[in-house]
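Both backbone and side-chain heavy atoms feed into the values below; hydrogens, waters and symmetry mates do not. In this text the structure is predicted, and so the values were computed from the model without any measurement.
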Amino acid sequence: CLVDLKMPIMDGLTAVKRYLQDGHVKRPVVFIAVTASISEEMREECFQAGMSGYIVKPVNLQELDTLIRRHLK
């Protein structure tokens, strides 16, 4: 699931945390953060929130394909 970190109503980190806490997960879900830039602090926050990875905008389709394939194995 691609999750933009900057959404209008709720940021992506909060959305993923709530999704995981509310017991909606019936099977393993891979959350990939999408962001314009990422600092080491933000990277850590992503992983602590339950993200499996991240990709920086503008999204390079080859990098996205590699990231998705890594998590589908």
Least distance between heavy atoms, Cys46 atom then Leu13 atom: CA-CD2, 3.7 Å
Please name the residue in the list Leu5, Val34, Ile38 that meets the side-chain contact (heavy atoms from CB on, under 4.5 Å) test with Tyr54. Ile38
Closer than 3.5 angstrom, by distance alone: can the side chain of Asp11 be matched with the main-chain N or O of Thr14 as a donor-acceptor pair? yes
Minimal non-hydrogen separation, Val16 against Ala49, with atom names: CG1-O, 3.5 Å
Rounded to the nearest 0.5 angstrom, the OG-CD distance for Ser39 and Glu45 is 7.5 Å
Got Val59 and Leu2 here, is their nearest side-chain heavy-atom distance under 4.5 Å? no
Where is the tightest heavy-atom contact between Met51 and Gly12, given as atom of each residue plus distance? CE-O, 3.9 Å
Would you check if Asp4 and Lys57 make a side-chain contact, meaning some heavy-atom pair closer than 4.5 Å? yes
Given the rule that I, L, V, M, F, W and Y join up when any side-chain heavy atoms are under 4.5 Å apart, are Leu64 and Val3 in one cluster? no
Consider only side-chain heavy atoms of I, L, V, M, F, W and Y, link residues closer than 4.5 Å, and tell whether Leu72 and Val29 are in one cluster. no
Tell me whether Phe31 is reachable from Ile55 by hopping between hydrophobic residues (I, L, V, M, F, W, Y) whose side-chain heavy atoms are closer than 4.5 Å. no
Would Ile68 and Ile32 satisfy side chain to side chain contact (heavy atoms under 4.5 Å, CB included), going step by step from the backbone distance to the final call? CA-CA 9 Å; Ile68 291 171; Ile32 298 172; 4.2 Å; yes
Are Val30 and Leu67 connected in the hydrophobic side-chain network, where two residues link if heavy atoms are under 4.5 Å apart? yes
